[in-house]
Amino acid sequence: MIAVKGLSKTFHTPSGPVHALDNVAFSVKAGEVLGIYGPSGAGKTTLLRCLALLETPDSGEILFKGKNVLQVSGKDLRRLRMKIGVVFQGYNLLFSRTALRNVALPLEIQGFDKGEACALASTTLDMVGLSHRKDFMPSHLSGGEKQRVAIARALVTQPEVLILDEPTSALDRRTAESILELIQGINRRTGITVLIVTHQTELVGAICNRHIYINNGVLSEPGSCLTEELPAASGTGETI
Ligand SMILES: Nc1ncnc2c1ncn2[C@@H]1O[C@H](COP(=O)(O)OP(=O)(O)OP(=O)(O)O)[C@@H](O)[C@H]1O
Ligand SMILES: [Mg+2]
């Protein structure tokens with residue numbers, strides 16, 4: 001599904017260059033749940049931002065189903081972005097919009113009319129178990145509920161890949177487990193490929209098929225988390 005080759009990114013800061021990613025290479029199979037582990041400042045978010053096509057690497061390739069996405073632009077890039085759902089570190093919800101309108105936002109940006117966007121958003125909120133909170137403002141939601149809204153917003157465009165940056169780090173253990181159960185359920189039902197950045201390796205590792213470890217922008221060998229089989233759907237047919 002994804003192959004990353006020789007990915008490098010350096011930030012030029014007043015105090016000198018920061019090599020956030022240094023020749024990173026790995027691949028992800030369709031339907032896999034991949035954990036991306038590493039300490040603070042390791043380059044995890046930078047890697048996710050590159051994969052989500054929100055950051056341009058200095059060099060390297062990102063192949064999505066064999067196609068180098070770094071060479072895609074314009075309308076094709078917008079279409080490609082819809083195939084990759086992102087849950088940002090810290091939710092990134094718009095506080096002036098209800099839960100429903102937050103989830104509808106990616107569709108509105110794509111040009112869906114408001115009614116259609118809200119109908120699809122409502123179905124997706126239902127899927128994450130939050131239909132009873134659809135008219136709530138984010139400031140009136142709990143941390144776990146905000147995370148469910150963020151997950152629904154990432155899923156509303158029916159992506160093939162779901163990328164989550166520290167989805168459980170701000171939550172208590174029970175809420176974190178319920179969010180992980182939700183992610184695992186969606187993966188099993190739809191075959192969506194999932195990449196999860198975390199430093200909670202024990203907790204999150206329970207739903208990962210495999211993990212990679214990054215430190216100072218350098219990736220070490222992938223390791224196995226679980227012996228579990230990949231979901232039967234394996235990212236092929238069923239949509240969310
Ligand atoms: N826009 C930027 N400008 C300059 N430096 C940056 C920028 N973004 C990230 N960095 C630097 O790149 C390095 C990697 O940052 P990144 O956010 O990817 O780390 P991380 O592994 O996600 O850390 P955390 O676990 O704390 O979220 C850090 O040293 C950071 O300071
Ligand atoms: Mg980060």
Side-chain angles (χ1 to χ4, degrees), residues 2-28 32-64 69-70 77 81 84-94 138 143-144 146-151 153-155 159 161-173 175-177 179-180 182-183 193-223 225:
I2 298 170
V4 173
K5 298 178 183 176
L7 206 68
S8 295
K9 176 78 187 178
T10 298
F11 293 107
H12 298 280
T13 71
S15 44
V18 178
H19 302 292
L21 298 175
D22 184 3
N23 203 19
V24 167
F26 65 98
S27 56
V28 192
E32 193 169 29
V33 180
L34 181 78
I36 302 176
Y37 304 165
S40 184
K44 305 180 301 295
T45 295
T46 307
L47 175 60
L48 288 199
R49 286 180 57 79
C50 288
L51 292 172
L53 311 176
L54 299 169
E55 190 86 68
T56 310
D58 300 325
S59 56
E61 287 182 3
I62 300 171
L63 305 178
F64 184 71
V69 297
L70 301 176
L77 181 61
R81 282 210 177 108
I84 303 166
V86 188
V87 176
F88 296 96
Q89 196 166 8
Y91 320 123
N92 277 17
L93 299 180
L94 292 184
K146 280 185 207 143
Q147 192 58 281
R148 282 172 193 265
V149 175
I151 291 170
R153 185 179 56 184
L155 292 175
V161 178
L162 176 64
I163 295 178
L164 307 107
D165 198 353
E166 299 280 6
T168 54
S169 55
L171 307 174
D172 64 69
R173 188 166 179 112
T175 311
E177 280 169 352
I179 291 291
L180 291 171
L182 172 71
I183 296 166
T193 307
V194 181
L195 279 72
I196 309 185
V197 157
T198 189
H199 61 267
Q200 295 168 305
T201 55
E202 199 190 317
L203 186 68
V204 178
I207 70 155
C208 295
N209 303 110
R210 203 162 57 87
H211 74 265
I212 54 177
Y213 183 83
I214 186 166
N215 195 10
N216 289 323
V218 179
L219 205 85
S220 31
E221 285 300 301
C225 282

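When a ligand or atom number is given, it counts from 1 through the structure's own listing order.
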K.L.:
Can you find a protein heavy atom closer to atom 31 (O) of ligand 1 than 4.0 Å?
P.N.:
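Not a single protein heavy atom is under 4.0 Å away.
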K.L.:
Measure from the Mg ion (ligand 2) to each N, O or S atom of Thr46 and report whether any distance is below 2.8 Å.
P.N.:
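Within the cut-off used here (under 2.8 Å), Thr46 places no N, O or S atom near the Mg ion (ligand 2).
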K.L.:
So, is Val18 polar-close to ligand 1, with some N/O to N/O distance under 3.5 Å?
P.N.:
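Between Val18 and ligand 1, no N or O pair is found under 3.5 Å apart.
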K.L.:
Numbering the atoms of ligand 1 from 1, which are under 4.0 Å from a heavy atom of Pro39?
P.N.:
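Counting from 1, the qualifying ligand atoms are 21 (O).
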K.L.:
Is the distance from the Mg ion (ligand 2) to the nearest N/O/S atom of Thr45 under 2.8 Å?
P.N.:
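Yes - counting backbone and side chain alike, Thr45 has an N, O or S atom under 2.8 Å.
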K.L.:
Is ligand 1 less than 4.0 angstrom away from at least one heavy atom of Gly217?
P.N.:
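No, that is not the case, since the closest heavy atom of the residue is not under 4.0 Å from the ligand.
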K.L.:
Show the atoms of ligand 1 that are less than 4.0 angstrom away from any heavy atom in Gln89.
P.N.:
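Under 4.0 Å from Gln89, ligand 1 has these atoms: 27 (O).
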K.L.:
What part of His199, side chain from CB on, backbone N/CA/C/O, both or neither, has a heavy atom under 4.0 Å from ligand 1?
P.N.:
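Answer for His199: neither.
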K.L.:
Measuring from the heavy atoms of Gly43, does anything fall under 4.0 Å of ligand 1?
P.N.:
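Contact present.
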K.L.:
Would you mind reporting whether Val149 and Leu93 have side-chain heavy atoms less than 4.5 Å apart?
P.N.:
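Heavy-atom side-chain distance check passes, below 4.5 Å.
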K.L.:
Heavy atom to atom 15 (O) of ligand 1, shortest distance: which of Thr46, Thr13, Leu48 holds it?
P.N.:
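Answer by nearest heavy atom: Thr46.
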K.L.:
Within ligand 1, which atoms have a heavy atom of Thr45 less than 4.0 Å away?
P.N.:
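It comes down to these atoms of ligand 1: 17 (O), 18 (O), 20 (P), 22 (O), 27 (O).
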K.L.:
Only heavy atoms of Ala20, strictly under 4.0 Å: list the atoms of ligand 1 that pass.
P.N.:
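Those of ligand 1 that fall under 4.0 Å from Ala20 are 12 (O).
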K.L.:
Among all protein heavy atoms, pick the one closest to atom 9 (C) of ligand 1 and tell me residue, atom and distance.
P.N.:
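Minimum-distance protein heavy atom for atom 9 (C) of ligand 1 reads Phe11 CE1, 3.4 Å.
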